[in-house]
A.B. asks: 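The structure under discussion is supplied below as structure tokens; questions concerning it will follow.
Predicted model, so just to flag it, every value in this text is computed and none were measured. Just so it is clear, the values below take in all heavy atoms, side chains as well, and ignore hydrogens, waters and symmetry mates.
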Amino acid sequence: MVAASGPRYLLTLGGWRRGRGVVPQSRALAILVPGVSQVDNKSDFLEKKPHRQHPGILQLPHVRLPQALANAAQLLLLESSVSNVEKQVQALTNYLWSRHLPVEPEELQRRAMHLEKKFLENPDPTQAEEKLHGAVLSALRRTTYHWQELRYNEKLSLVYMAARLDGGFAAVSRAFHEIRARIPEFQPQTLMDFGSGTGSVTWAAHNTWGQSLREYMCVDSSAAMLDLAERLLKGGSESGEPYVPGVFFRQFLPVSPKVQFDVVVSAFSLSELPSKADCTEVVQTLWRKTSHFLILVENGTKAGHHLLMDARDLVLKGKEKSPLDPRPGFVFAPCPHELPCPQLTASKPLACSFSQAYHPIPFSWMNKKPKEEKFSLVILARGSPEEAHRWPRITQPVLKRPRHVHCHLCCPDGHMQHAVITARRHGRDLYRCARVSSWGDLLPVITPSDVPPSPAQNDPPEG
């Protein structure tokens, strides 16, 4: 297995690279606190570029599938015997979006005991013990989410392709773009996709790092999905040369603990696992397989966000059974910290999600207008983040008003902040940068704790 060239860049992920080096911490733009509007204009942080190209901009324009992939998907659907495709696509989309996590046996037992206690508080003299148990079971069925495993046969795989190929490609492309934009010198040579499905991760990775990637390992338990992904690579046929070379398919994860990949991805796959124990085992295995980046993507729902935060905490706090790679892990994106997620600890918890615009595959029933893919993600990296400041992440759409901008930020201190930025209070450069920023971008500011004290503050008071 070939590895990417040296891990040295992972030691400087906190800073923004300009030219030949990293922008020093002292060259930050401004201090995001009321009443302070200090801007270091000597730093030339924009390198003579317009504000709309400031180094925190990470949003992609409308993503479009490679034409070869879109053509192959249309051909396969035309040749299939799937009836009422549009109706099935809508039903599957609604089901996947509304899906909850499976209820754990311990939680089920707790609910049963609570219901039994509730029934016993108002006893029915005619109710025998068997009837009581029956009443508890009946109440559980009515109030508990019934998680079901989706078994992807040939027809369901095609419906999934029509429903999720383009949106999944857009979400993963956004995750890959973040890495490439912040570390342009990172050139991975190997990639593993767990729960590869239709192969959208392979296409997105080839679109991003096609010049350096030499091996793509697609792992999916469904033989029908693997067959569909291979046919998509071959233009919709069972023979011919694949559009992306070096792609391998298998139904199980590689056994050897020594095999690692530069990039490991699990996109919309952890939510397919039947229990928390299964999810824990898979995340630990994927992290052991990770040489540089582990990318986890799920639906932008509370369930998807909770799933990713559990995986994040597992990697950051957990002990590997046989750690062959001693390098620790840290959060590369979207969090600017390794602290508990402030979205989960809020009085009204919200899903930390992002949005990526894309052009849908032009199926016959499809509206050709651009769509938005709402997703949650976490990118974990091996190494140590640079001790210098990390910039806050914009977690909601930016509200632009006359002479001021509202930005909701996840800050490096682990707290959420609603910042109202004005040119008068924060300076012209920061105001313009905030005004052109979007949901998901980084705002290039530093917090007061990152600012070195001025010489006047260190001088002794005059007597």
A.B. asks: Within 45 degrees of the axis of the six-membered ring of F293 and under 6.0 Å from its centre: does R382 put its NZ or CZ there?
C.D. replies: no
A.B. asks: Check this for me: does any side-chain nitrogen of one of E272 and R151 sit under 4.0 Å from a carboxylate oxygen of the other?
C.D. replies: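 Salt bridge: no.
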A.B. asks: For side-chain contact (heavy atoms from CB on, under 4.5 Å), just list the numbers for S222 and Q251, CA-CA rounded to whole Å, side-chain angles, deciding distance to a tenth of an Å, and then say yes or no.
C.D. replies: CA-CA 7 Å; S222 169; Q251 287 185 269; over 6 Å; no
A.B. asks: Do Y358 and H62 make the cut of ring centroids closer than 6.0 angstrom?
C.D. replies: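 They do not qualify: ring centres at least 6.0 Å apart.
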A.B. asks: Could you tell me if the side chain of L286 sits less than 4.5 Å from the side chain of S266, heavy atoms only?
C.D. replies: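 Heavy-atom side-chain distance check passes, below 4.5 Å.
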A.B. asks: Only one of R52, H54, H51 clears side chain to side chain donor-acceptor pair (under 3.5 Å) with S437; which?
C.D. replies: H54
A.B. asks: In plain terms, say whether E185 and R180 are close enough for a salt bridge, that is, a side-chain N and a carboxylate O under 4.0 Å apart.
C.D. replies: no
A.B. asks: Are more than 12 heavy atoms, taken from residues, nucleotides or ligands other than K368, located less than 6.0 Å from that residue's NZ atom?
C.D. replies: yes
A.B. asks: Would W203 and F169 count as a close aromatic pair, with their ring centres under 6.0 Å?
C.D. replies: no
A.B. asks: Over 60° means perpendicular and under 30° means parallel, so classify the ring planes of H406 and H404, tilted if in between.
C.D. replies: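 Rings of H404 and H406: perpendicular, as their planes differ by over 60°.
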A.B. asks: Could you tell me whether the side chain of F248 reaches within less than 4.5 Å of the side chain of E215, counting heavy atoms only?
C.D. replies: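 Touching, per the 4.5 Å side-chain cut-off.
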A.B. asks: Could you tell me whether the side chain of R231 reaches within less than 4.5 Å of the side chain of L76, counting heavy atoms only?
C.D. replies: yes
A.B. asks: Hey, would you say the Y152 and Y160 ring centroids sit under 6.0 Å apart?
C.D. replies: yes
A.B. asks: Heavy-atom distance under 4.5 Å between the side chains of Y216 and H206, does that happen here?
C.D. replies: yes
A.B. asks: Evaluate the side-chain contact (heavy atoms from CB on, under 4.5 Å) criterion for residues W439 and V398: first the C-alpha distance (whole Å), next the side-chain angles of each, then the deciding distance (0.1 Å), finally the verdict.
C.D. replies: CA-CA 6 Å; W439 183 11; V398 175; 5.9 Å; no
A.B. asks: Measuring only between side-chain heavy atoms, which start at C-beta, is L77 closer than 4.5 Å to M161?
C.D. replies: yes
A.B. asks: Salt-bridged, E338 to R390, with N to O below 4.0 Å?
C.D. replies: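 Salt bridge: yes.
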A.B. asks: For a 4.5 angstrom cut-off between non-hydrogen side-chain atoms, does E241 reach K234?
C.D. replies: no
